[in-house]
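Please read the structure below before turning to the comments.
Order of the sequence lines sets the chain letters (A, B, ...), proteins ahead of strands, with each chain counted from 1.
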Amino acid sequence: MLDLKFIRENPEKVKQGIANKNEKDRVDEILQLDKHRRELIAHSEELKAKRNQVSAEIPKLKKAGQDVTEILAEMKKVSDSITELDVKLREVESQLNEILMYIPNLPHESVPVGKSSEENVEVRRWLPEGFSFESENGIKPLDHIELGKKLNILDFERGAKVSGSGFPVYKGKGATLERALINFMLDYHLQHHGYSEIFPPFLVNRDSMRGTGQLPKMEEDMYHIEKDGLYPIPTAEVPITNLHREEVLNEKDLPVKYVGYSACFRREAGSYGKESKGFLRVHQFNKVEMVKFVKPETSYDELELLVKDAEDILQALKIPYRILMLCSGDLSFAAAKCYDIETWSPAENRWLEASSCSNFEDFQARRANIRFRNDQTKKLEYVHTLNGSGLATSRLMVSILENYQTPEGKVIVPPVLQRYTGFNVIG
RNA sequence: GGAGAGGUGGCAGAGUGGUUGAAUGCGGCGGUCUUGAAAACCGUUGAGGAUGCAAGUCCUCCGGGGGUUCGAAUCCCUCCCUCUCCGCCA
């Protein structure tokens, strides 16, 4: 959520930022409601001040033996006017608030302006030693679906039977490899990057979904358990960021850094047909997520570090990847700046998004009311929140299986995972 | 699922419908004392909003929402949450 005062004072800046995100702006509507709101407040408060003043007089007058019936009658009218004004005020405020909840965060000044993913900027890439985009023997590599079937480690058909399409089943060494990967990533962030581990709830309430910005805008993309008012999480970002909702953090504890595993559930409404085969687009997947709560002045440095933390995993696994800085038009609703990390898929012959690292500045903190006490000024300030996948296993698994396949159709387990799997090769 | 208890400031914990934003204790901050520290003592210590260049003035907030009243932390209704016991259960 943007600061209403900021919108009031910088309407053109806000309009431009929203336009750069390819969103419709309702700034004029906001300014009008805000004006109306402040008029109502001024009027209502004037009457309340009067009521308070007279109400304090009444017991004194009574004590002095005066007749107060006339004053009571008059105050009754004042009270009724207040009630009326407050009803209007509440109406205006809820309209205003509802619109504000749909206003996206503004892109940071360092973000390139652009319409779509076409205009994202490649920042750097990393390729393992000896890597080549061409297969050495000219044989077309098998894709992850073929490998999964051949090695009997992935079962998309039975997943579809049990749940529906987009709910993959891992079997045998595939299941072990998935588990190994999750444990490896968690351990790595704990041991090398100074995060502390959270194992979060997978179902959250509506307030949490609003806090991180999934709701109300992305309602259609979220699973919803109506009976209990709960939402299966689309990412661990939601429960982990909301751990500190409505809290005041100590400045000396910042940055607070959490890492946690969760299953992630996404309806992917309207996306059937696109990239729908295998792991490329699924309704349930596994992800290790990093979340940070930081002081505002450090958040862009922390974003760079966050990306590095995710990169370290890929370098340890020796998976080729590249980093993209998203252009304004490709930024998500709540993000001010975002880097995507894409891993290479030899069979698809293209890059696949495996991580997304974002700085939300105070957008989520304002919605979720997460603050810290500034030791110098003694004032409360909103923290900046960041999060990044470190990483999502589904796309990463595609890259691992495909990059580590042998000419015989086996898959070597990446060396750093071998002590987690207990075996070195699949097939 | 059944029964009961309770939700008040950072925490603990008072609170007859009328200067109660709220006693008291702990904690925090500042000070006195001390070589330093502790102890003791004194003072101070919530948030949000409207208005204003500012100083300030005013309004709101005692789980959420609604009601009674000139006036509500205090009375009524309703919802939510937490805890305890019983039942069920991985």
- Centroid-to-centroid, F156(A) to F279(A), below 6.0 Å? yes
- Given RNA chain B, 5'-ward residue of the pair L380(A) and Q53(A), judged by closest heavy atom: L380(A)
- Task: Could you check which nucleotide pairs with rA73(B) in any of the strands shown, counting Watson-Crick or G-U wobble with both distances under 3.5 Å?
- Result: none
- Message: Distance check, P atoms only: rG65(B) and rA55(B), in whole angstrom units.
- Response: 31 Å
- Message: Which nucleotide, if any, forms a Watson-Crick or G-U wobble pair with rA5(B), using both distances under 3.5 Å?
- Response: rU82(B)
- Watson-Crick or G-U wobble partner for rC29(B), using a 3.5 Å limit on both distances? rG43(B)
- Task: Inspect the contact between R8(A) and D34(A) and indicate whether a charged nitrogen and a carboxylate oxygen are less than 4.0 angstrom apart.
- Result: yes
- Using the P atom as the reference point in each nucleotide, state the distance between rG56(B) and rU45(B) in Å, no decimals. 14 Å
- Message: Under 4.0 Å, heavy atoms only, any strand: does I71(A) hit a base, just the sugar-phosphate, or nothing?
- Response: nothing
- Query: Just checking R366(A): base, sugar-phosphate only, or nothing, at a heavy-atom cut-off of under 4.0 Å?
  - Reply: nothing
- Query: Distance between the C1' atoms of rC42(B) and rA47(B), in whole angstroms?
  - Reply: 28 Å
- Task: Looking at every strand, decide which applies to K5(A) at a 4.0 Å heavy-atom threshold: base, sugar-phosphate, or nothing.
- Result: sugar-phosphate
- Message: Students often get this wrong, so: under 4.0 angstrom with heavy atoms, is A56(A) touching a base, only sugar-phosphate, or nothing?
- Response: nothing
- Task: Whole angstrom is fine here: how far is it from CD in E93(A) over to P in rG48(B)?
- Result: 16 Å
- So, K21(A) and E23(A), do they make that salt bridge, N to O below 4.0 Å? no
- Message: Tell me whether the side-chain N/O atoms of R371(A) come closer than 4.0 Å to OP1 or OP2 in rG48(B).
- Response: yes
